[in-house]
Amino acid sequence: MTGHVDTAGDLERLLGEALRATATGARWRSVADGTWCHVTPLSATTPEQGWKLHLSATVASAPAVLTQALGVLLAEDSAFKFARSREKVSVLNSRSTPRGSSGKFLTVYPRDEAAAVRLAQELHRATDGLAGPQILSDRAYAPGSVVHYRYGAFVARRRLSDEGLLVPYIKDPDGNPVEDRRTGQYLPPSWAVCPFPVTPAAPAATPAADRPAASAAPDERAAADPAAAARAAGPLTLGGRFTVREAIRHTNKGGVYRGTDLRTGDPVVIKEARPHVEADADGRDVQAWLRAEAHALERLDGLGLAPAPLALFEHGRHLFLAEEEVPGGTLRTWVSERFRRSGADRYRADALAVVEQLVDLVAAAHAQGCVLRDLTPGNVMVRPDGSLCLIDLELTVLDEASAPPTRLGTPGFSAPERLVDAPVAPTADYYSVGATACFVLVGRVPILLDDEPAGRPVEQRLAAWLAACAPRLGLADGLVAMILGLMRDEPAARWDLTRARTALRTLTAAPPVRHTPGGRRPAAPPAPEGEQDPVAGIVDHLVATMAPGEGGRLWPVSTTAGETAPCTVQQGAAGVLAVLTRYFELTGDPRLPEVIATAGHWIARHTDPGQARPGLHFGERGTAWALYDAGRAVEDRRLTDHALALALAPQAATPSHDITHGTAGSGLAALHLWNRTGDARFMELAVAAADELAAAAEPEPTGVSWAAPAEAVSRLAGKRYLGFAHGVAGIGTFLLSTALAARRSDLLDLAVDAGEHLMANAVLIGEAAHWPAQAANEPTTPYWCHGSAGIGAFLVRLYQATGDDRFGDLAHRATRAVAEYASRAPLTQCHGLAGNGDFLLDMAAATGDDAHRALAEELARLLLTQRARRHGHLVFPNEYGDVSTSWSDGSAGILAFLLRLRHTSPRLWTVPPPVRDHHPTDPRVARTALHPVATT
């Protein structure tokens, strides 16, 4: 960002000065963490919830806002906290900050409502005239005030939601927990009566940001037109010329809307910029970026390179830019949809033509004096005729000599020097062209985490990844050289666009490489000479990062997509423990018994048999599975006893049927424990779960399915998923395993009907079998959660049980989908190469076909090119670019796949495959030949 300065702790120092300068300084205690400075009075207690105050500030105004606020707060006795540096203020005001938490520079926790009202008034007077962004989750105390308020929790209290995620909560007057939702909308609980004077021009209680898209409008509609706010569903006219039809998206910087030009009747796009968002020390914010975009569009007007600009205007203190709506979709969407619909071979020629256009498009913009600075697949439109058009030019510079640098950009697509305040130069655009071309030709740009300490050059690691992708994609050497040339680390060494254009026009894509097993391959890809063994490197990382104190987590995980309970399989300690247990069983590593015992007892201390939740990945039966196996491995009776108590405890009732949250997952865990113990109680639990699912099954013309009931996990309610995590494939897998173990032909019939439904909903693209998340939808990506890898894992088991070649053939076609998407996939179990690789190993074990194992090894090599070295350990990025240790999206799931590739072993979280004495081709014959699963 412009004017960036390392200001660590600079605002915290202002507090110290204020405390020393006041006679009341001895009454306060302050504690700082990474982001906040917490200040509490020694003589008063803080309520658990109530009306809290938030003050916003910009990087420039933060010292003044804090100084003025301290003059009020240190004379009172209410606790407060503030961002300890201007650098943290910058992050809070970033355009990428979630709308529910943005702008909250200083938070006050008043001791009662009277204090809240008094402090709000005094803080408003003290800070009147100072700058700060509107806080979208709150109501402003007065128009333009930096003081805001909302009702919410004062102390950190969290509970598990129906989705199995930890969410903050408050209590209603009867003591019932209610989620403390933090969104871009002011929505106090119905029973919390507002004690503050509400001014007529204050933002409305239902801002457009969170209304349905069809009626959404800019955030401060009420501030400019209170009557229009009362008619929330009515159309809004902006700039006296443009009506808003719907919202395309909302971010912290403002919305993007579709509308109509009342003068011409033409469709338009209207972009909004809120004041003070992403403001830097020089006062430049997203409104300045929007003005820059307007200037860029004017420069390119009439050339067909970008939308035509229509008007730049203010409305309710927000800045708006209306421009021509370009028909079509983004290049990001084009890549996904064209590949999915056309298959790999047809896509190759289309992609090469698009890359040629892309190079010409950027060269034409450069010829007009425009340096783009933020070229990504999301900032290029593909028109219906296939031509390309630049959009979202807010970072575009017309005079590179005088333009300030900025750290704003898109990691992976912005040149590395761009993100550290390098001067403006077209060489940064060359890098972005290379990254975007890589995305088009290969399907993604890899996330290459920094080595710590710094090690291999990024371009060397990128070259290794491309070398692993190129043979299957049929990328000619010249295309790989072009991508690497454009994306060189050193700006002066990068190819320019003329050289890239010449290379493209003389290249022809190589024919696709058909992989056939040429003899027996090594059990796992060997580490390059001098490189650390990857399995050992991951294990070292898991051992070193275990923190068995009484903190909230045993291993560090990513919480970008939400946080689960600390002991679950999905994201908690049980998932990591299970993989380390398997590693110890396979290798006998002498370090592991102590690690396993320590982790097991930590889990035991943090799980209560009286509070058992259903499901395998989010529930206590999955945790019991991991804990029991760990106790057996290290011969610890206390762990196995606790695991059995946890597994046999009554579970909370659930309307969910699936593997992750519901009945099928609980039943599968019970079946595993029956296999392990021979305890008939676990068979009873498994059969009861299967009977419950049989009763809930709904006949379909093509088989059978299960709908998530309305009262189930909210985001799943009413949906009929096909995949493994939440749908037919996972439920069918459990029913099949129980049918064979309990010798129940009716359950086998039901599993076969589930397979028939999946057969009927397969989408064949070339030789590959894909599935939609729900019947009649577009096919989804071929991962474990919803797609081909998870569904194929069920179908191959069904093939083993019945001998029906239709199921086996479709499972084989699912491996084609996995192969085609290899370069596009993240690395993890739930959505990525590790889960897909485990499916391929299932296929190899079921069929004896070495081609499946060879493909699994190919996926492993591709995965390992994206590792990073961190102080002697190996870490991997999840799909958000975070480092995590968890089963679903982290190192534990990756380790499980690599272990299984090296040491042939059963797949985790499955029961042994069905055992048959013969291989009937008629499923009706197979249903009479049930064999129990062997007890181990």
Side-chain angles (χ1 to χ4, degrees), residues 160-166 553-555 557-559 561-579 581-582 603 606-607 612-629 643 646-647 651-652 654-673 689 693 706 708 712-713 715-716 721 723-734 737 783-787 789-790 793-794 828-832 834-835 838-839 878 884-897 907-911:
L160 286 170
S161 69
D162 290 341
E163 296 184 17
L165 300 177
L166 289 168
R553 288 269 166 192
L554 184 57
W555 277 285
V557 299
S558 167
T559 58
E563 185 177 1
T564 71
C567 296
T568 61
V569 168
Q570 183 78 356
Q571 197 191 35
V576 185
L577 176 63
V579 181
T581 300
R582 175 64 57 83
I603 291 173
H606 289 79
T607 49
R613 293 172 62 88
L616 173 58
H617 293 79
F618 289 83
E620 269 61 42
R621 287 240 180 104
T623 302
W625 179 328
L627 199 58
Y628 183 83
D629 287 356
L646 196 62
Q651 291 186 122
T654 177
S656 297
H657 306 308
D658 64 17
I659 284 285
T660 56
H661 293 82
T663 303
S666 296
L668 193 66
L671 195 59
H672 170 79
L673 290 168
L693 290 167
W706 287 262
V713 176
R715 65 187 173 84
L716 309 180
Y721 285 119
F724 202 101
H726 305 298
V728 172
I731 295 169
T733 297
F734 164 62
S737 298
Y783 303 145
W784 172 85
C785 185
H786 285 298
F794 167 52
T828 55
Q829 276 283 341
C830 195
H831 303 140
D838 263 328
F839 162 53
N878 68 6
S884 184
T885 59
S886 70
W887 166 263
S888 64
D889 75 339
S891 298
I894 292 171
L895 175 61
F897 164 53
R907 186 173 185 172
L908 279 171
W909 316 120
T910 62
V911 298

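Just so it is clear, the structure is predicted and the values come from calculations on it, not from any experiment. Excluded from the calculations below are hydrogen atoms, water molecules and symmetry mates; all remaining heavy atoms, backbone and side chain alike, are included.
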Query raised in the report: Mind checking what makes salt bridge (Lys or Arg N to Asp or Glu O under 4.0 Å) contact with Arg613, not counting sequence neighbours?
Result: none
**Report entry** Side-chain heavy-atom pair Phe839, Arg907 within 4.5 angstrom cut-off
**Finding:** yes
Report task. Check whether any side-chain N or O of Ser656 sits under 3.5 Å from a backbone N or O of His661 as a donor-acceptor pair, and report yes or no. Result -> no
Report task. Please identify each residue that fulfils side chain to side chain contact (heavy atoms under 4.5 Å, CB included) with Ala669, with sequence neighbours left out. Result -> Leu616, Arg621, Trp625
Query raised in the report: Nearest 0.5 Å, what's the CG-CG distance between Asp629 and Leu908?
Result: 8.5 Å
**Report entry** Nearest atoms (heavy-atom pairs only) where Ala574 meets Ala626
**Finding:** O-CB, 3.4 Å
Requested in this report: Decide whether Ser886 and Gln570 meet the rule of one side-chain donor and one side-chain acceptor closer than 3.5 Å.
Outcome: no
Requested in this report: Under the side chain to side chain contact (heavy atoms under 4.5 Å, CB included) rule, collect the residues that match up with Ala664, sequence neighbours excluded.
Outcome: Ile659, Leu693, Ile731, Phe734
Requested in this report: Please name all residues satisfying side chain to side chain donor-acceptor pair (under 3.5 Å) with His617, sequence neighbours left out, ordered by chain then number.
Outcome: none
**Report entry** Counterpart residues, side chain to side chain donor-acceptor pair (under 3.5 Å), relative to Thr564 (two or more places apart)
**Finding:** Thr568, Gln571
**Report entry** Taking every non-hydrogen atom, the tightest pair across Val911 and Ser737
**Finding:** CG2-OG, 3.2 Å
**Report entry** Atom of Gly615, atom of Ser666 and distance for their closest heavy-atom approach
**Finding:** N-OG, 2.9 Å
Query - Pairs meeting criterion salt bridge (charged side-chain N to carboxylate O under 4.0 Å, His left out) with involvement of residues 563-576, two or more places apart - result: Arg158-Glu563, Arg553-Glu563
Report task. Let me see the working for Leu165 and Leu160 under side chain to side chain contact (heavy atoms under 4.5 Å, CB included), right down to the final yes or no. Result -> CA-CA 5 Å; Leu165 300 177; Leu160 286 170; 6.0 Å; no
**Report entry** Over all atoms of both residues, closest heavy-atom pair of Val569 and Trp887
**Finding:** O-CB, 3.2 Å
**Report entry** Side chain proximity check, Asp658 to Tyr721, heavy atoms < 4.5 angstrom
**Finding:** no
Query raised in the report: So do the side chains of Gln829 and Ser888 get within less than 4.5 Å of each other, counting heavy atoms only?
Result: no
Query raised in the report: For Ala624 and Ala643, which heavy atoms make the closest approach, and how far apart are they?
Result: CB-O, 3.4 Å
Query raised in the report: How many angstroms lie between SG in Cys567 and CG in Leu627, if you round to the nearest 0.5 Å?
Result: 9.0 Å
Requested in this report: Kindly write out the residues that satisfy side chain to side chain contact (heavy atoms under 4.5 Å, CB included) with Ser558, not counting sequence neighbours, or none if the list is empty.
Outcome: Thr560, Asn878, Asp882, Ser884, Asp889
Report summary line: What one should report as the nearest heavy-atom pair of Leu577 and Trp555 is N-CZ3, 4.2 Å
Query - Partner set under side chain to side chain contact (heavy atoms under 4.5 Å, CB included) for Ala892, not counting sequence neighbours - result: Val576, Val579
Report task. Under the side chain to side chain donor-acceptor pair (under 3.5 Å) rule, collect the residues that match up with Thr623, sequence neighbours excluded. Result -> none
Report summary line: Those residues at least two apart in sequence (or on a different chain) that pass ring pair (Phe, Tyr, Trp, His ring centres under 6.0 Å) with Phe724 are Trp784
Requested in this report: Compare all side-chain heavy atoms of Gln651 with those of Glu620 and state whether any distance is below 4.5 angstrom.
Outcome: no
